[in-house]
Amino acid sequence: MQYLLMLYAEEGGWSRMSPAEQEQGVAAYGAYTQALKTAGALVGSNRLQGSATATTVRVANNKSQVLDGPYADSKEQLAGYYLIDVADLDAALAWAARCPAASHGIVEVRPVWSM
Amino acid sequence: MDRTAQARRAADAVARRSYGKLVAFLAAAMRDMAAAEDALSEAFAAALADWPRNGCPANPEAWLLTVARRKGIDRFRQHRNGEAAAVQLQVLAEIGESASAEGDDAAIPDRRLALLFACAHPAIDAGIRAPLMLQAVLGLDAKAIAAAFLASPVAMGKRLGRAKQKIRQAGIPFVVPARDELAGRLDGVLEAIYAAFAEGWSDPGGTDAIRRDLTAEALFLARLVAELLPQEPEALGLLACMLHAEARRCARRTAKGDYVPLAAQDVALWDAAMIDEAEALLLRASRLGRIGRYQLEAALQSAHVERCRSGRTDWTPEVQIYDALLALCGSPVVALNRALAIAELKGPEAALEIMDALAADGRLVDYQPYWAARAALLARTHAYRDARHAFDVAIGLAGDPAVRRFLQDRQAALPH
């Protein structure tokens with residue numbers, strides 16, 4: 001089954017880190033991605049630009065409304081994702097727990113709608 | 001007896017004997033509890049149509065499984081497609097084939113434990129785990145479960161449906177967790193069984209047939225888990241704890257239905273065989289060398305039984321067990337019961353001091369046993385006015401009429 005791991009994190013955290021800490025953080029994500037690849041579980045992954053770069057769009061009465069900013073105005077924002085393919089929810093949760101974001105933020109695990 | 005009645009009786013017997021096993025096996029194969037239940041109920045309906053005509057099969061379990069598997073495959077073809085579904089279909093066909101080919105219901109692998117772990121998965125809302133387990137393994141309908149948990153049948157049915165949908169859509173596995181995760185995950189299973197038992201226990205008079213039954217069902221589940229995981233001390237501890245409570249059922253009410261507190265119970269009314277079984281389980285659990293909440297709860301029951309039988313007046317063992325329990329799970333209810341044990345060891349003033357500190361927490365403010373205990377302790381310190389007030393609150397919070405009557409009598413007996 002495919003699961004989307006959505007990584008939520010407090011955005012200020014990154015800029016408060018020292019360059020050495022940032023380097024370490026990037027390395028941790030690199031190792032995690034590598035582990036997923038080695039296990040044959042990785043389908044896709046991306047880190048996102050900060051929520052200040054977000055724009056929301058909705059169409060109402062045939063008119064599109066475009067708004068600056070993210071959809072949910074919460075402290076933790078979506079910072080990236082991993083799309084993985086594993087046997088079941090337990091396997092997905094085990095990968096989510098290993099993700100660095102689980103330690104400094106929150107990882108939401110969602111099964112992908114299989115067509 | 002006509003053939004229809006005979007078929008119905010045969011089907012009822014299979015349902016009683018093997019319902020949980022059949023659902024568990026199908027659910028694991030289909031990875032879908034709701035679909036497994038539907039397929040099995042269709043198979044039972046088919047049996048009631050077929051067996052009167054063609055006679056009851058030699059192995060009704062295998063017959064039902066074969067038909068349920070076929071119904072399941074049909075349903076699968078209708079509702080799902082794609083590569084994953086094809087693989088699933090293949091698995092279902094093969095597993096079902098091998099099991100029913102054996103022609104012996106003992107050959108159907110027992111997946112009930114795996115089903116219980118799926119129902120008590122951390123991804124399932126904690127409040128629905130016990131109802132889900134009761135439905136999964138025992139086939140209780142939403143109406144019976146709703147009555148036991150004081151919920152509306154419609155709401156209960158919806159919540160059960162949502163939980164099953166989550167199991168399927170989120171891909172919750174039907175497996176017994178690996179060794180390193182087992183203890184943690186088992187906790188969820190045991191907690192749900194204990195919750196079901198407590199629901200039954202809250203009607204100790206057994207005046208409501210459905211609620212009384214639930215205690216037996218919870219005991220059945222506890223026995224099942226203890227049998228299937230004989231090396232898990234907490235599984236043994238939970239069964240011991242429940243047997244101890246069950247053993248005193250008859251002594252908890254007078255013939256008129258009045259509430260009898262532990263200290264006033266007639267020891268001769270206790271079920272000695274059940275107590276012996278509980279003691280043996282607790283001993284086995286302690287030899288496994290991993291202490292836990294349920295073993296401590298059972299040890300506490302064991303100490304109460306021993307004290308009442310021997311007339312021991314020193315409450316040191318009880319207080320020690322409560323200390324250990326409190327260190328393990330700092331719940332206000334445990335703290336309250338510990339305070340009551342301390343009252344017996346050091347006097348009511350010491351206990352009231354602890355209870356004042358507990359009340360500051362706020363969680364016990366609408367907990368009836370807190371007020372009843374407080375009232376009794378205040379009476380012992382001759383603070384009758386305060387005791388009367390505390391009894392008022394306790395009586396107002398009591399849901400069980402026998403307990404309410406008991407508290408009213410105690411209040412009326414206070415000196416003016």
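No experiment lies behind these values; they were computed from the predicted model shown. Computation of the quantities below employed the complete heavy-atom set of this structure, encompassing side-chain atoms and omitting hydrogens, waters and symmetry-equivalent molecules. The chains referred to below are lettered A, B, ... by the order of the sequence lines, with proteins before strands, and numbering in each begins at 1.
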Open item on the list: Salt bridge check, R179(B) against E181(B): does any charged N sit closer than 4.0 Å to a carboxylate O?
Closed with: no
TODO: In plain terms, say whether K164(B) and D38(B) are close enough for a salt bridge, that is, a side-chain N and a carboxylate O under 4.0 Å apart.
DONE: no
Task: Under-4.0 Å salt bridge between E10(A) and R16(A) - done: yes
Task: Close approach to chain A in residues 123-138 of chain B, criterion heavy atom under 4.5 Å - done: A123(B)
Open item on the list: Salt bridge or not between R290(B) and E232(B)? Use side-chain N to carboxylate O under 4.0 Å.
Closed with: yes
Task: Carboxylate-amine/guanidinium proximity below 4.0 Å for E227(B) and R223(B) - done: no
Task: Contacting region of A87(A) [heavy-atom separation from chain B under 4.5 Å] - done: backbone
TODO: Check the side chains of T33(A) and Y82(A) for a donor-acceptor pair under 3.5 angstrom, ignoring hydrogens and angles.
DONE: yes
